[in-house]
Number of protein chains: 2
Amino acid sequence: MWVIKRSGEREEYDENKVKQALLRSGASEAEADEILEKLRGRVYNGITTHEIYQHVRRMLDRKRKIRYSLKDAIFSLGPEGHFFESLVARLFQETGYAVRVRECIRGRCIPHEIDILAERGSERYLVECKFHNSAGTRCGIQTALYTYARFLDISEVMPFASPWLVTNTKFSGDVITYARCIGMRLLGWRFPEDGGLESLLESHKLYPITILAIKKDVRNSLLTNGIITIKEIFTKKDRIYDILPELKANEVLYAARAVAECL
Amino acid sequence: MWVIKRSGEREEYDENKVKQALLRSGASEAEADEILEKLRGRVYNGITTHEIYQHVRRMLDRKRKIRYSLKDAIFSLGPEGHFFESLVARLFQETGYAVRVRECIRGRCIPHEIDILAERGSERYLVECKFHNSAGTRCGIQTALYTYARFLDISEVMPFASPWLVTNTKFSGDVITYARCIGMRLLGWRFPEDGGLESLLESHKLYPITILAIKKDVRNSLLTNGIITIKEIFTKKDRIYDILPELKANEVLYAARAVAECL
């Protein structure tokens with residue numbers, strides 16, 4: 001049985017992969033097996049991984065649905081990368097950093113637009129975010145190389161502890177080797193294993209608003225007004241009513257509360 | 001009157017731009033004015049720059065047609081960049097360098113695939129080629145940054161005089177500033193002004209075979225067999241008859257001779 005991946009490649013259907021994703025979203029062995037059993041009747045030759053994803057999503061309870069949907073919700077922040085940058089900035093804030101987003105800093109040779117500048121006490125980090133629109137794309141070596149060259153150019157004017165590279169997908173093997181060698185920190189999907197992007201977002205309950213079942217135009221109004229996470233829907237409640245008509249603002253708050261109860 | 005650029009943008013039709021291109025291809029003032037006069041009846045609101053290009057091309061004599069077509073012929077080496085890399089390698093060879101193309105070299109941290117490694121006496125250069133598929137795309141700062149970081153990583157194992165960055169389009173302003181600052185050499189379309197890629201290719205009579213009016217499959221057979229320039233059609237004549245059926249090989253040689261006579 002073949003499945004078509006997001007990248008367009010096809011591969012043998014692997015129940016174990018689906019099971020791993022289910023277990024990661026918090027389902028028990030028994031629940032996972034039950035879902036796999038139901039799934040068997042719906043999988044057909046040439047099904048897309050996205051279709052499988054949607055079937056599974058429908059069969060999960062609300063709490064698990066949220067964790068299971070996180071990856072997709074982050075893709076929905078695209079197609080450009082700036083909302084992803086804002087999400088990553090919120091994560092740094094949540095862990096005690098003062099952040100500045102998309103600031104222009106003059107290096108020795110040229111000025112650079114820095115995705116995130118994160119400071120905590122005497123630590124100062126330069127964070128480059130690389131957003132990908134599809135799960136198949138790994139963050140490649142050119143990105144790591146230009147991040148480092150940018151870091152070098154700026155470091156001669158303003159000292160930094162080290163460069164960070166944050167992505168919503170995985171890193172290629174040589175990025176990992178290179179980063180270790182030159183002292184660059186990496187954060188990506190399930191990388192590092194003991195605290196990848198998905199696990200940090202989960203532990204800080206930082207879910208992007210794209211996880212809510214709200215209309216696209218409402219979602220875009222919120223994002224462009226700097227409401228990136230569900231938390232902000234509550235902390236910037238007045239702002240929501242400024243941005244949206246009362247009825248829509250109520251709906252957003254209702255949807256956000258329903259999700260927040262599950263977290 | 002509006003024209004649509006390759007990038008999809010539209011701009012006011014500017015006769016002077018067409019005239020400059022004509023003069024660059026070697027037409028006299030009088031010839032250029034005559035062509036512009038004829039062109040006036042054919043230009044309409046919303047015409048594409050490519051259509052204008054084709055009209056003009058038809059009105060030029062053979063010698064000028066070749067120079068005028070060089071940019072397009074280089075785009076036709078795509079969509080991937082490796083035939084462009086081979087063309088640039090031929091240019092370095094022609095100026096006395098020993099070249100190695102797409103070689104893997106171990107740096108301090110990771111192995112790198114180097115587009116061109118060019119050596120002449122004690123000079124050794126690392127050449128990164130950046131091929132673009134459309135004239136509107138400028139070679140941007142990320143490319144210059146990763147080229148430099150790659151150069152740094154390799155330099156710690158194998159010393160190089162300096163990195164080169166070669167592209168078939170223009171460079172953005174910050175690439176030029178950055179390159180000057182860190183000592184990177186740049187070669188691009190009409191850059192540097194006193195000897196850009198187009199003028200070096202012309203002065204060494206290094207025209208890519210894509211300038212010939214030959215069928216796509218013939219062209220691809222030649223390119224994949226390492227026949228990149230018209231010169232090579234003559235120097236590797238036997239090879240042409242190995243690659244192609246006699247009739248097609250004859251046609252290629254005939255077309256190449258017709259062009260070579262004009263150079």
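Numbers restart at 1 for each chain; the letters A, B, ... are given by sequence-line order, proteins then strands.
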Q: State, with a plain yes or no, whether a side-chain heavy atom of A/Asp174 is found less than 4.5 Å away from one of B/His112.
A: no
How about [atom1] on [X], more than 12 heavy atoms from neighbouring residues, nucleotides or ligands closer than 6.0 Å, or not?
X: B/Glu193; atom1: CD; value: no
X: B/Arg106; atom1: CZ; value: no
X: A/Arg102; atom1: CZ; value: yes

Please round to the nearest 0.5 Å and tell me the distance separating atom [atom1] of [X] and atom [atom2] of [Y].
X: B/Leu152; Y: A/Leu152; atom1: CG; atom2: CG; result: 6.5 Å
X: B/Asp153; Y: A/Tyr178; atom1: CG; atom2: OH; result: 5.5 Å
X: A/Gln142; Y: B/Thr143; atom1: CD; atom2: OG1; result: 7.0 Å

Q: Give, as side chain, backbone, both or neither, the part of A/Ile110 having an atom under 4.5 angstrom from any heavy atom of chain B.
A: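 For A/Ile110, the contact with chain B is made by the side chain alone.
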Q) If you take all heavy atoms of B/Leu145 and A/Ala149, which pair is closest and at what distance? A) O-CB, 3.2 Å
Q: Examine whether an atom of B/Arg108 lies under 4.5 Å from a heavy atom of chain A, and if so say whether it belongs to the side chain, the backbone or both; otherwise answer neither.
A: both
Q | Pairs of heavy atoms under 4.5 Å with chain A: top-ranked of B/Ala179, B/Cys109, B/Ala144 | A |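 Result: the option with the highest number of such pairs is B/Cys109.
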